[in-house]
Amino acid sequence: MKNITNNLVGKFSNKFLAAFAAIFLLSTNAMAEMDIDVDVNKGGGWYTNPIYWVIGGVVLILVVALIARGGGKK
């Protein structure tokens, strides 16, 4: 049974890698033909304001600290 499972996994992984390689190679050809125009003087949205990044970082640290505590009471 173990041999059959290993054989099926091997066949699946080979097909998956081949499909991934084909998609990757096709996408690189499409990227070469794209004309991308980047305007850095456009301004930006809320995500360009550093205060939102600071607040988001503080909230993330608080959430991680609360999860790491595990409730605190035993």
- Query: Of the non-hydrogen atoms in Trp53 and Tyr47, which two are nearest, and what is the gap between them?
  - Reply: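 Shortest heavy-atom contact: NE1-O, 2.5 Å.
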- Identify the residue among Val64, Val58, Val59 that makes a side-chain contact (heavy atoms from CB on, under 4.5 Å) with Leu62.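 The side-chain contact (heavy atoms from CB on, under 4.5 Å) with Leu62 is passed solely by Val58 among Val64, Val58, Val59.
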- Message: Could you work out, with side-chain contact (heavy atoms from CB on, under 4.5 Å) as the rule, every residue matching Ile51, not counting sequence neighbours?
- Response: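 Counting only residues at least two positions away or on another chain, Ile51 forms a side-chain contact (heavy atoms from CB on, under 4.5 Å) with Asn49, Ile55.
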